[in-house]
Amino acid sequence: MDPEKGVFNLLLPFLLLRVCTSTDTITPNQSIKDGDLLVSNGETFALGFFSPENSNRRYVGIWYNKISEQTVVWVANREKPINGPSGVLFLNQDGNLAIYDNSQNITHWDTNLSVAETGTNTSTFYSARLMDSGNFVLFQGDTVSDVVWQSFDHPTNTMLPHMKLGLDLRTGLDRILTSWKSRDDPGVGQYSYRVEPSGSPQLVLYNGSVRVWRSTPVWIENEMSGSPNTTYWFLFNASYIDNQDEVSTVYTLINNSIASTKFVDESGSIQMVSWLGRWVRFYSVPEDQCDNYRRCGVYGDCDSNNGREFECTCLPGYEPRSTDEWYLQDASGGCVKKRQALAMCGNGDGFVKIAKAKMPDTSKALVWKNLSMQECKEKCLRNCSCTAYVVGGRGICITWYGNLMDVRRFPDGGQDLYVRVDAIELAQYLKKSRSLNGKKVAILVASVVLTSFLIISFVCWLVMKKRRKYGGFDNQDNDQENIELTIFEIDSIARATNNFSDTYKIGEGGFGSVYKGQLSIGKESKDIAVKRLSKNSTQGLKEFKNEVILIAKLQHRNLVRLLGCCIHGEERILVYEYMPNGSLDSSIFGLPSQLSTFACLHNLYLTNTSRVGMIKVVLRIMFHQAGLERAQNKLLTWRMRLDIIMGIARGVLYLHQDSRLRIIHRDLKASNILLDSEMNPKISDFGLARAFEGDHCSEKTKRVIGTYGYMSPEYAIDGLFSTKSDVFSFGVIVLEIISGKKNRQFQHPDHDLNLLGHAWNLWTKGKASELLDSLMEHSSPMSNVLRCIQIGLLCVQKCPEDRPSMSSVVLMFVSESVMLPQPQQPGFHTERSSKETHDRSPAQTQSSSSINEVTMTQLEAR
């Protein structure tokens, strides 16, 4: 008789007792059949049978229970699926978990514990529990400490928080991640990710037996900064264990309410993702050519941002082994010493610094603790086999012996790597350094002379100030750091825009006209957006200077990138990266405004008697017809709108909290949100922004500048602005995106409230769903819509202290477990007069003045 079949028949009466979906534990008298679930105590994870996409094969797996998109994080029988719903998971008589196929009477998987591991005492009580961490644990005994097996020790492609990755030196257990074969086959794929314990342990990604990518040492994140990708460390804490028992790494979550994982996908990419209504990727490697292991060979140096066609060079003191191969952009042969006959030990040799570098392969490196920079240098210098060293925080010193492999440069982050060179190379380097120092002295002398000249010029300017207008930047601010910004020639800007041709014009605002152009920057030809200060602009030199200084310092994926500027005579020009999808207002309000413009142009065409003028008008009509088609093609889905809201929120949070200075934008509005080719939002127009240092984040002004419909009450009336003023503007944008209506121009047949008042009325009546854009009614999860409306209303509350901070707003969006308070009445809730609502002309809508009770406030609304 088949022993497996006999065991199964013996246990069959017990297996008929099915596990109900409310339990998290299996005992010997229970089982999980296909269709049943184990659910962890906190309902975070579920375990049961599942089928991948495009497959009928059945596997036992663990996935997130509350996430709508089924995300499997562990698979038991990944190599032996069951064909059909005939499987059952149970505890057999040996205390092992097993998956049995009723239709074929075959065991497809078990925990494979020997009798010695599970014990021979038949009275021992066994149980298996699905923990809220996602760990499936087999216990022997009555206490939770009696663990004999756990899924965390046998990961598949996913690393969950609190799961260890690495080697148990006592048992030889090696916890590694292995990719799925494909999206519809969870079998063991060709990619693996593991801790390599030799030398200074590091994490390595393999394709079969070939290294694809490696990390800096696994302890780097705790001791030193060795990676340019720091965004994800705001979500994760990493720790490293290296003792006589194990070499492993583990990570935990800073915010446990946000589901986050690390996994190896079937294409060979390591990714870290978090669930923010959808899976958002925060980190992914390999990212570029230089991430590929030994891309530039031994002693090679890879820099994907070096501005050259080929990213590979040799480290100082080395040259290509084969110049022919390097000419063909094949650096696999690596580099060799320039002077093979010259000994590199005790003959005047030394070290050359490589800044912002990824450490070389550390499998043959040694780590020394409590050493100063000089002590680390001397330790390497005394050993003729030492080829390089790195010094980090807390007195950590790493020295390399033998070949240096897999060095690359980062644009930011990385380490200062000191490479050993011979006396000739060192002398050349020192000569170059002295030359640079000589240049610095010359620059210093020139600077003193220039400063003296500027002081004299400044005094003259003060004398002449009332007689003539000064045409450049003034010296009133003393606190600005040196700003690395490209200065473009006026001729190149003119060529890029066809001499500022109307056909190149893509917009117009308070600053002036905006043109699309194409400009050669380095070796690339880039599409650019050119903002040209109008002579009649309501914004002047102060706003121009403010934008240049502020935005040049800011770097964030949701802020528009300033490429440079141009100052020529009275010309003031800003050059930005081009956003192919235009501004947010053109996407959510674009179609009505396009129709209005088209109608006006059509009337102009009918009344124009000039043939040349008629041709120009016809051309403009054609351009606006094309704009209509683009507007129709850019219809925003609910998912896109939510992603845009989240992107704006992260950009404002960066300004308020994470940038070097605390920035208050003061002019957040839909037209100042630009959309790139992937519809990612980028905040623009920093001409009115104000920067603060430290905890100071509010101010009062007599010159209120902003845009009607987006200004907060305390700013528009009393000139008080703070981070909460931006929160108010953000809330207006949220409600506009949801409704597809402008706050200022909103009209309703039953009342004369603006959009904020209308949204508040609907909310108090329990009819908030009616606010949703009619185009989205059948494609939006209403619970998400209502939550977004509630967050928008919280942001536009009348009192600033009632509004949430932007960090709280982001948390409200990303975590549904955060309870939202009930919003209070919004600002500007009172009804507008009939005359104000219906009779105001566009010109009157664009400009007005306000007098408050304390003093006259100069109000420059746009």
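Values below: every heavy atom of this structure, side chains too, minus hydrogens, waters and symmetry copies. One is the number of the first residue; the rest follow in order along the sequence.
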side-chain contact (heavy atoms from CB on, under 4.5 Å), that's the test. Do Tyr715 and Ser722 meet it? Break it down for me.
CA-CA 9 Å; Tyr715 180 45; Ser722 66; over 6 Å; no
N/O donor-acceptor pair under 3.5 Å between [X] side chain and [Y] backbone:
X      : Y      : answer
Ser684 : Asn672 : yes
Ser815 : Leu811 : no
Arg641 : Ile737 : yes
His656 : Lys724 : no
Arg214 : Asp406 : yes
Asn558 : Ile648 : no
Asp676 : Asn680 : yes
Glu736 : Asn743 : yes

Are a donor atom and an acceptor atom from the side chains of Ser805 and Ser807 found within less than 3.5 Å of each other?
yes
Just verifying a value: how many Å separate [X] [atom1] and [Y] [atom2], rounded to the nearest 0.5 Å?
X      : Y      : atom1 : atom2 : value
Ile733 : Asp726 : CD1   : CG    : 9.0 Å
Leu519 : Tyr578 : CG    : OH    : 15.0 Å
Ser583 : Lys669 : OG    : NZ    : 10.0 Å
Ile493 : Phe500 : CD1   : CZ    : 7.0 Å
Cys566 : Glu489 : SG    : CD    : 7.0 Å
Ile567 : Leu533 : CD1   : CG    : 11.0 Å

Mind running side-chain contact (heavy atoms from CB on, under 4.5 Å) on Met812 and Leu794 for me, showing each step along the way?
CA-CA 11 Å; Met812 290 175 186; Leu794 288 171; 4.2 Å; yes
Got [X] and [Y] here, is their nearest side-chain heavy-atom distance under 4.5 Å?
X      : Y      : value
Leu756 : Phe728 : yes
Ser739 : Leu755 : yes
Thr503 : Tyr515 : no
Leu735 : Cys795 : no
Thr497 : Ile528 : no
Tyr251 : Leu253 : yes
Leu675 : Ser587 : yes
Val809 : Leu653 : no

Is the gap between the SG atoms of Cys296 and Cys312 under 2.5 Å?
yes
Can you name the one residue among Tyr710, Phe686, Phe721 that meets side-chain contact (heavy atoms from CB on, under 4.5 Å) with Arg666?
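Result: among Tyr710, Phe686, Phe721, Phe721 is the only option passing the side-chain contact (heavy atoms from CB on, under 4.5 Å) with Arg666.
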Salt bridge (Lys or Arg N to Asp or Glu O under 4.0 Å) test vs Arg408 passes for just one of Asp303, Asp301, Asp291, namely Asp291
Is it the case that over 12 heavy atoms from other parts of the model lie below 6.0 angstrom from the [atom1] atom of [X]?
X      : atom1 : result
Gln329 : CD    : yes
His568 : NE2   : no
Arg557 : CZ    : no
Arg561 : CZ    : no

Measure across [X] and [Y] and return the closest heavy-atom pair with its distance rounded to 0.1 Å.
X      : Y      : answer
Val514 : Ala529 : CG1-CB, 4.4 Å
Ala355 : Asp416 : CA-OD1, 3.5 Å
Ala496 : Tyr504 : O-CE2, 3.8 Å
Ser712 : Arg803 : CB-NH1, 3.9 Å
Asp288 : Ser304 : OD2-OG, 3.1 Å
Arg281 : Val273 : CA-CG1, 3.8 Å

Go through it in stages, so that I can follow the logic: the residues are Leu562 and Tyr576, the test is side-chain contact (heavy atoms from CB on, under 4.5 Å), and I'd like the CA-CA distance, side-chain angles, deciding distance and then a yes or no.
CA-CA 5 Å; Leu562 179 65; Tyr576 292 94; 3.7 Å; yes
One pair to check against side-chain contact (heavy atoms from CB on, under 4.5 Å): Ser260 and Met272. What are the steps and the verdict?
CA-CA 7 Å; Ser260 303; Met272 298 189 85; over 6 Å; no
Go through Arg495 and Asp491 one step at a time and tell me if the salt bridge (Lys or Arg N to Asp or Glu O under 4.0 Å) criterion holds.
CA-CA 6 Å; Arg495 285 194 300 270; Asp491 291 343; 5.2 Å; no
Charged N-O contact under 4.0 Å between Lys526 and Glu577
no
